[in-house]
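These numbers come from the heavy atoms of this one structure, side chains and all, not from hydrogens, waters or symmetry mates. As the structure lists them, so they are numbered: ligands from 1, and atoms in each ligand from 1. Here the structure is a predicted model, which means the values were calculated and not measured.
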Amino acid sequence: MPSAAAPAMIDELARALAELDGQGLKRRRRSVDSPPGARVRVDGRDYLSFCSNDYLGLANHPALIAAAQSAAAEAGVGAGSAHLVAGHHRRHDKLEQALAAFVGLPAALLFSTGYMANIGVVTALVGRGDAVFGDKLNHASLVDACLLSRAELTRYPHGDLAFLEAKLQACGAKNKLVATDAVFSMDGDLAPLPALLALCERYDAWLLVDDAHGFGVLGAQGQGSLNQFNLRSDRIVYMATLGKAAGVFGAFVAGHSTLIDWLVNKARTYVYTTATPPMLAAALSASLQQIAADDWRRARLKELVAQLKAGLAGLPWSLLDSATPIQPLLVGANQAALRLAEALRERGILIPAIRPPTVPQGTARLRISLSAAHAPADVEQLLGTLRELAG
Ligand SMILES: *Cc1c(COP(=O)(O)O)cnc(C)c1O
């Protein structure tokens with residue numbers, strides 16, 4: 001409670017928050033009382049949820065839970081120190097080798113989060129006097145990484161290869177890096193990775209691929225977007241997160257072994273932070289086995305995407321063009337998106353309204369995310385409720 005004696009800076013924050021609220025932009029948190037899944041208990045009420053990035057439904061899988069429990073009993077719950085001090089556990093090592101083998105790259109390095117991985121990679125590879133190029137719809141962590149690097153940043157219009165090529169051609173910097181989401185997190189569409197790689201080859205740039213939403217989902221067995229496009233190059237820096245389809249927490253970077261060695265030495269978000277708990281590495285090793293083995297999870301996702309697309313035809317809102325489990329329903333105005341999300345919530349369905357600055361002005365949307373944890377009846381329930389609200 002701001003009191004009469006609150007310093008002016010507190011009053012200023014309160015005024016700015018009230019302004020956000022007036023624009024329909026103030027964020028609020030809800031407290032969850034259940035494991036992740038198609039059905040969740042939030043603030044004491046049960047909902048059908050389309051909010052999670054747990055695309056394969058692994059976050060509450062018994063094999064992952066058992067692996068975490070037995071590793072905790074054996075290795076404790078905390079790593080105790082940074083990787084370069086004494087926090088690098090044998091389980092981290094094993095997981096890194098398994099991840100590298102799975103994505104078909106020579107070496108891999110674990111980071112605590114995807115946000116930290118992006119910051120660490122970009123700032124370790126480019127700096128003052130260098131140049132970075134990023135798609136305008138890139139995830140905030142890539143944008144922040146590029147800004148923090150102090151390299152000159154060019155944000156190119158979404159997917160505009162001609163624009164990017166002109167900028168690369170005109171660029172005289174020694175070190176160049178192109179950074180892109182592989183699957184754009186708020187739109188669900190894919191980056192033109194083969195064409196981006198061709199440009200990076202031609203103009204001698206690194207290509208940083210952020211596969212947060214592709215790993216586990218795309219590729220023959222969930223190996224991700226490089227596998228999907230059959231891409232291979234020593235200039236690719238591959239980053240994937242482990243808190244989405246993998247169902248746990250963390251991230252990894254994979255690529256040439258010299259690159260990984262450089263990151264061990266120079267990525268500040270790797271060097272100057274506590275190692276993630278070994279119990280999470282154990283859960284992730286179990287997750288990796290499920291990802292590779294459970295083709296039915298990816299098949300289920302494809303069926304649910306097709307069902308949603310077919311069922312939405314004729315309703316007043318349109319889906320953006322996405323073949324991934326991220327299916328954004330475009331609404332437009334902030335308040336209209338909030339109202340639709342609220343009407344669904346009243347009817348027992350949770351879908352987040354995504355508003356600026358996360359997405360461009362005028363493109364507020366409901367970000368439906370599907371999971372192998374959903375049954376066709378869950379999607380039917382969503383479609384029925386949307387029809388009711390439209391009619
Ligand atoms: C979620 C996400 C991240 C951040 O990953 P965390 O592990 O949650 O920090 C990075 N990039 C993209 C595209 C993401 O969607």
Side-chain angles (χ1 to χ4, degrees), residues 27 29 36 50-56 58-59 92 95-96 99 103 108-123 132 134-149 155 158-159 177-193 196 207-218 224-226 228 236-254 267-270 273-277 280-281 283-284 287-288 291 320 322 324-328 352 354 357-359 365 367-371:
R27 321 272 163 145
R29 298 175 299 167
F50 294 93
C51 296
S52 167
N53 299 316
D54 176 24
Y55 301 120
L56 298 180
L58 292 174
H92 293 127
L95 177 60
E96 285 176 346
L99 287 166
V103 297
L109 184 68
L110 287 168
F111 282 78
S112 290
T113 70
Y115 200 124
M116 291 168 72
N118 282 337
I119 300 270
V121 165
V122 179
T123 58
V132 283
D135 190 291
K136 278 220 170 111
L137 296 191
N138 274 353
H139 189 261
S141 59
L142 277 179
V143 179
D144 292 356
C146 291
L147 291 171
L148 199 59
S149 75
R155 298 184 72 187
H158 185 48
L177 181 145
V178 176
T180 185
D181 284 22
V183 176
F184 287 89
S185 57
M186 295 300 138
D187 292 53
D189 58 328
L190 302 181
L193 291 180
L196 285 169
L207 177 61
L208 170 55
V209 176
D210 176 338
D211 207 21
H213 300 277
F215 181 77
V217 173
L218 301 178
S225 57
L226 298 187
Q228 171 108 352
I236 291 179
V237 186
Y238 179 77
M239 196 289 291
T241 63
L242 299 168
K244 289 171 179 155
V248 187
F249 189 72
F252 71 99
V253 175
R268 295 171 65 84
T269 53
Y270 183 78
T273 196
T274 302
T276 45
L280 297 187
L284 282 162
S287 172
L288 199 50
I291 291 174
L320 297 185
S322 157
T324 68
I326 302 170
Q327 292 290 324
I354 309 286
T358 310
V359 293
R365 63 198 66 179
R367 182 178 181 274
I368 302 170
S369 56
L370 296 167
S371 165

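- When all heavy atoms are compared, the tightest approach of Asn118 to Ser141 is ND2-OG, 3.0 Å.
- Between the side chains of Asp181 and His139, no donor-acceptor pair of N or O atoms lies under 3.5 Å.
- For ligand 1, the polar-atom distance check against Tyr115 finds a nitrogen or oxygen pair separated by under 3.5 Å.
- Of all the heavy atoms in Val253 and Ala117, the pair that sits closest is CG2-CB, 4.1 Å.
- With a heavy-atom cut-off of 4.0 Å, Ser141 touches ligand 1 through its side chain alone.
- In this structure, atom 7 (O) of ligand 1 lies nearest to the protein heavy atom Gly114 N, 2.7 Å.
- Across Leu99 and Phe215, no two heavy atoms sit closer than the pair CD2-CZ, 4.0 Å.
- The side chain to side chain donor-acceptor pair (under 3.5 Å) search around His213 returns Tyr55, not counting sequence neighbours.
- Near Ala212, meaning under 4.0 Å from one of its heavy atoms, ligand 1 places the atoms 2 (C), 11 (N), 12 (C), 13 (C), 14 (C), 15 (O).
- Nearest non-hydrogen protein atom to atom 11 (N) of ligand 1 is Asp210 OD2, 2.6 Å.
- In summary, the atoms of ligand 1 found under 4.0 Å from a heavy atom of Ser185, numbered by their order in the structure, are 15 (O).
- With a 4.0 Å heavy-atom cut-off, ligand 1 is reached by the side chain of Lys244 but not by its N, CA, C or O.
- Heavy atoms from both the backbone and the side chain of Thr113 come within less than 4.0 Å of ligand 1.
- Nearest heavy-atom pair across Val209 and Ser225 is CG1-OG, 4.0 Å.
- Short contacts between ligand 1 and Asp181, defined as distances under 4.0 Å to a heavy atom of the residue, involve ligand atoms 13 (C).
- Of all atoms in ligand 1, listed by their number and element, those nearer than 4.0 Å to a heavy atom of His213 are 14 (C), 15 (O).
- A donor-acceptor pair shorter than 3.5 Å cannot be found between the side chains of Tyr238 and Asp210.
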